[in-house]
Amino acid sequence: MVPADSQTYRFGGHQSFALRTAWLPKAAQAIKEGDDVFSDPLRGVVRLGLGKNMVESLRIWVEAYGIATRKDGKWALTPLGEALLGAGGYDRFLEDEQTLWLLHWNIATLRENPFFAWELLINRWSERFFTTSEVMTAFAHEAERAVRPLSSVSARQHFDVWLHTYLRGRNGRGEEGIDSPLSSLGLVARAGDRETAQGRREPVFAFDLDPKPMISDALFAYCLHDWWSNAFEFEETVSLSSIAFGHRAPGRVFRMPEDEVLARVMRLAAGRSARIELIESFNQFMLRRPTCPAGTQLLRDLFRQQPAAELIDA
């Protein structure tokens, strides 16, 4: 696994609820109409049709997935939230798989108050397979660094929220039985079971490491530039291996094979309006970015159906 950095991570706040399919569109609609469903829990319960704890969970998720933020005491959609879920939004009901991969990117690369389960399993975990006991051991090591103590119950709840974000087939009634929209990505699946050191059997889970043709080159480019601007803001060149395996890099976050990452950057570099150059130096591929493209243009490329007036710089 990639070594931990000095970042402080969150293990809770989601009230043990993973995101549900209809939650973000409901919240976006209320916010667009100026209805503050998060400051007044009772108002949120009535407007959203959710329990109080679910409303509190949704408040965390709208920010973590990059859809809305609270500024100057008021909630507002982010530029991305407006482009996706605003009036005339590109994907107001989260029906496009591109949108779901983008939501996955946002929460996996969250820089302000990130969640530890995403940091550990998306950005540090290098193996294809993992079990609950292995993850809990890693959680315990991180908890030793945390400012506040982390109970084993809280750690397990946090992992369960992460797992049910990506794993299909929830059991339960009503909202409890609804899968997370990101579960349709197939990024994590059951892969049999394994015997623990104590002689018990436990499930084994696996990441999908196959090529991801459902991720468009436009989405890959958006994520590439987002990562580049945050991780190497003042660097004109980065290595292909950094893009494929680096911390919070597209190849790692999407679990793409290295040859697929290379094929994608080759296509991006060969495009008519290419913003990057692919060069070979000392037996390794390097990418050069002469200038940093504006967030507005990247959003236009990603959501070509969106009117330009609705896409504003972050």
Side-chain angles (χ1 to χ4, degrees), residues 14 18-38 44 47-48 50 54-55 57-71 74-112 114-115 118 122 165-166 178-185 187 212 214-227 229-230 248 250 253-254 293-314:
H14 40 58
L19 182 70
R20 303 296 197 270
T21 298
W23 284 10
L24 293 181
K26 283 183 178 181
Q29 181 66 27
I31 291 170
K32 280 293 295 179
E33 295 175 4
D35 197 351
D36 192 343
V37 292
F38 296 127
R47 171 64 191 262
L48 301 174
L50 303 174
M54 289 184 176
V55 172
S57 175
L58 179 51
R59 179 184 182 278
I60 296 295
W61 293 137
V62 293
E63 288 197 288
Y65 284 102
I67 297 301
T69 187
R70 185 176 176 85
K71 186 179 297 184
K74 295 183 179 180
W75 283 90
L77 297 183
T78 63
L80 180 60
E82 188 71 49
L84 284 172
L85 303 172
Y90 172 75
D91 189 13
R92 295 175 60 196
F93 302 103
L94 303 185
E95 297 171 319
D96 189 338
E97 191 170 341
Q98 297 295 302
T99 303
L100 303 182
W101 281 110
L102 180 53
L103 293 178
H104 164 67
W105 171 263
N106 283 345
I107 194 167
T109 60
L110 190 64
R111 289 170 177 83
E112 185 174 345
F115 290 101
W118 274 266
I122 301 298
T165 297
Y166 296 102
I178 300 175
D179 279 339
S180 159
L182 273 63
S183 67
S184 65
L185 300 177
L187 187 64
K212 306 292 188 305
M214 66 291 293
I215 295 176
S216 69
D217 284 347
L219 175 55
F220 185 86
Y222 177 91
C223 298
L224 171 63
H225 287 293
D226 181 49
W227 165 77
S229 297
N230 283 283
R248 294 176 177 169
V253 171
F254 293 137
T296 301
Q297 187 58 54
L298 292 172
L299 281 175
R300 285 199 191 106
D301 291 347
L302 188 54
F303 304 120
R304 292 185 183 279
Q305 300 176 27
Q306 279 298 104
E310 293 190 7
L311 298 177
I312 58 176
D313 279 319

Enter the distance from [X]:[atom1] to [Y]:[atom2] here, rounded to the nearest 0.5 Å.
X: Lys212; Y: Leu219; atom1: NZ; atom2: CG; value: 12.5 Å
X: Leu80; Y: Ile67; atom1: CG; atom2: CD1; value: 5.0 Å
X: Leu84; Y: Leu102; atom1: CG; atom2: CG; value: 6.0 Å
X: Thr69; Y: Trp75; atom1: OG1; atom2: CH2; value: 6.5 Å
X: Ser184; Y: Asp179; atom1: OG; atom2: CG; value: 9.0 Å

Can you give me the closest heavy-atom contact between [X] and [Y], atom names plus distance?
X: Leu302; Y: Ala218; answer: CD1-C, 4.0 Å
X: Leu100; Y: Pro181; answer: CD1-O, 3.4 Å
X: Arg20; Y: Ala18; answer: NH1-O, 2.6 Å
X: Ala28; Y: Leu85; answer: CB-CB, 3.6 Å
X: Val62; Y: Ala27; answer: CG1-CB, 3.7 Å

Is a donor on one side and an acceptor on the other found under 3.5 Å between the side chain of [X] and the backbone of [Y]?
X: Asn106; Y: Tyr65; answer: yes
X: Lys26; Y: Leu48; answer: yes
X: Arg92; Y: Tyr90; answer: no
X: Ser229; Y: Asp226; answer: no
X: Thr109; Y: Arg248; answer: no
X: Thr21; Y: Ser180; answer: no
X: Asp91; Y: Glu95; answer: yes
X: Glu97; Y: Met214; answer: no
X: Ser216; Y: Gln98; answer: no

Derivation of the side-chain contact (heavy atoms from CB on, under 4.5 Å) call for Arg47 and Gln29: CA-CA 10 Å; Arg47 171 64 191 262; Gln29 181 66 27; 3.7 Å; yes
Residue pair Ile31, Asp36: steps toward the side-chain contact (heavy atoms from CB on, under 4.5 Å) verdict: CA-CA 7 Å; Ile31 291 170; Asp36 192 343; over 6 Å; no
Establish, from distance only, whether the side-chain atoms of Tyr166 and His104 form a donor-acceptor pair under 3.5 Å. yes
pair Leu110-Trp118: side-chain heavy atoms closer than 4.5 Å: no
Do Trp23 and Leu94 come close enough that some side-chain heavy atom pair is under 4.5 Å? no
Derivation and outcome, side-chain contact (heavy atoms from CB on, under 4.5 Å), residues Leu187 and Leu182: CA-CA 8 Å; Leu187 187 64; Leu182 273 63; over 6 Å; no
Among residues at least two apart in sequence or on other chains, which ones pass side chain to side chain donor-acceptor pair (under 3.5 Å) with Ser57? Trp61
State plainly whether the residues Glu63 and Arg70 are in salt-bridge range, i.e. N to O under 4.0 Å. no
Test Val37 against Leu58 for side-chain contact (heavy atoms from CB on, under 4.5 Å), laying out the working first. CA-CA 10 Å; Val37 292; Leu58 179 51; over 6 Å; no
Applying ring pair (Phe, Tyr, Trp, His ring centres under 6.0 Å), name anything that partners Phe254, two or more places apart in sequence or on another chain. Trp101, Trp105
Please determine whether the number of non-hydrogen atoms from other residues, nucleotides or ligands lying under 6.0 Å from atom CD of Glu33 exceeds 12. yes
